[in-house]
Amino acid sequence: MLSIELIRQQPDFVKAGIASKNEGPEIVDEILLLDRQRRELLQEADALKHHRNEASERIAALKRDHQDATDAIAAMKDVGSQIGHLDELTKTVDGRLHDLLLRIPNLPHASVPVGRNENDNDVVFTWGDKRTFSFVPRPHWELGESLGIIDSAAGAKITGSRFYVLRGLGAKLERSLISWMLDVHVQEEGYTEILPPYLVNRDSMTGTGQLPKFAEDSYHTDTDDLFLDPTAEVPVTNLLRDEIIQEGRLPIKYVAYTACFRKEAGAAGKDTRGIIRVHQFNKVEMVKVVRPEESYHELDLLLDNAEGILRRLDLPYHRSRMCTGDLGFAAAMKYDPEVWMPGQDRYVEISSCSNFEDFQARRANIRYRTADGKLSFVHTLNGSGLAVGRTMAAILENYQEEDGTVRIPDVLVPYMGTDTIR
RNA sequence: GGAGAGGUGGCUGAGCGGUUGAAAGCGCCUGCCUCGAAAGCAGGUGACGGGGUUCCCUCGUUCGUGGGUUCAAAUCCCACCCUCUCCGCCA
């Protein structure tokens, strides 16, 4: 969330920032109004409480001296109820204010290009040579079906649409990719591996920004109010919720594999074929918690770590810079590496690397203590390294042969125990 | 799921209705001592939110969370959450 001080002091700056994210300015005015009400109520109640505290001290003194205190007690009789009334009002206003603060998006970094939606994003970097095919490359869903490794019908049968089953070397390829990606990030880039719960509580979902605004995107268990994590970002970032980190521990670099669950509300009709947009998918996610002054440098490193996976797999990609309108709710800056899919003749998002600055840290109350003892909010970042199912799709499409077999990228052969899926 | 124990400041841990934001110890910071350090001695040391004449003063809140009782709650009552031990069930 944004600091209330910033909203108070520079409301027009905040309005302009959220407008560039396609959010109306009314929320800022509503916040300012409630903030004013809150402070007025607080002053009134504090004055009464001060009065009560002084009276209590006098009563205590009288009691100690074994003197009669009935008059003093009688005089305070209804002050308590006045305070109770004011506290109740404050609580109502406070709750409403807090809810609005949780619903206001992060402001974009000043350097982010202003734009309305994904059409205004820029490709800022391109890597790799697209392979020239002597035949018409097929999309991964056709390859997956003919090889018998991706079974969408089975997924629909046992669960529903947008679920799929992997079989044989398909299942093994998914598992190999997870292990290999984790190994690269841990062994070569110094991340610490985490295997968190896939179910998270309401506080965790609020801490990273999925709640309260995007509840309809998440799977939820009615009986105990838990959510299926939409990304490992949620459990992993929340490892540090309400923690005070000694500065020397920063930067903290975590990498986690989890299954991810998304309702994909509003995606009806989009990417209906294949395994690009599904309700359950595997992802390896990197999460960083860093000192504020280093967060943009760390974003560059994070991007390089994500794209390094694509380079090791020799998959052509480009990097898309998100405009303000496509940053999402919590990010101040975001880049999406997109992989080339020759079977579909398009680039597909395969990672998303964001700097949230202190937006998540404020919500989740993640702070660090500097050498001179001061407390500040950290900056948080995360990026997929990578979405596993989409990586498998990209491998199938880029490494396919005319006879329908698929070659295994060199780095994965030791994990797969074979160099071809046939 | 059942029974029991417990949740207090950075940590350990007292307090169990009335100057208790909270003893004591540890840790940390400052000063004295020292060539320097340790030891010793003295002092200081939480967070959050208001207000102000804004390197400081002041008020309020804060002892797992939320309610309740009371002039007054860390302290009494209720509910919930979490941790530990034992039992049961179980991949």
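What you are looking at is a predicted structure, and each value in this text was computed from that prediction instead of being measured. Order of the sequence lines sets the chain letters (A, B, ...), proteins ahead of strands, with each chain counted from 1.
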Does the side chain of A/V287 reach to within under 4.5 Å of the side chain of A/L381, using non-hydrogen atoms?
no
Hey, does A/R202 reach any base, or is it just sugar-phosphate, or nothing, if we go heavy atoms under 4.0 Å?
nothing
Measuring from A/C323:SG to A/R321:CZ, what's the distance to the nearest 0.5 Å?
10.0 Å
With no hydrogens and no angle check, just 3.5 Å: does a side-chain donor-acceptor pair link A/Y317 and A/R311?
yes
Side chain of A/K91 (C-beta onward), nearest among B/rG66, B/rA47, B/rG49:
B/rG66
Counting only Watson-Crick or G-U wobble pairs whose two distances fall under 3.5 Å, which nucleotide matches B/rC90?
none
Any A/R369 side-chain nitrogen or oxygen under 4.0 Å from OP1 or OP2 of B/rG10:
no
Do you see a donor-acceptor pair shorter than 3.5 Å between the side chains of A/N53 and A/S56?
no
Rounding to 0.5 Å, atoms CZ (A/R38) and CG (A/L33) come to a distance of 13.5 Å
Below 4.5 Å, heavy atoms only, C-beta onward: do A/D87 and A/K49 meet side chain to side chain?
yes
Any side-chain N or O of A/K63 below 4.0 angstrom from OP1/OP2 of B/rG18?
no
Can you check nucleotides 53-59 of chain B for protein contacts, nitrogen or oxygen pairs under 3.5 Å, and list what you find?
{"residue": "B/rC59", "atom": "O3'", "partner": "A/H50", "partner atom": "ND1", "Å": "2.9"}

Taking only side-chain nitrogens and oxygens of A/R52, does any of them come within less than 4.0 Å of OP1 or OP2 of B/rU61?
yes
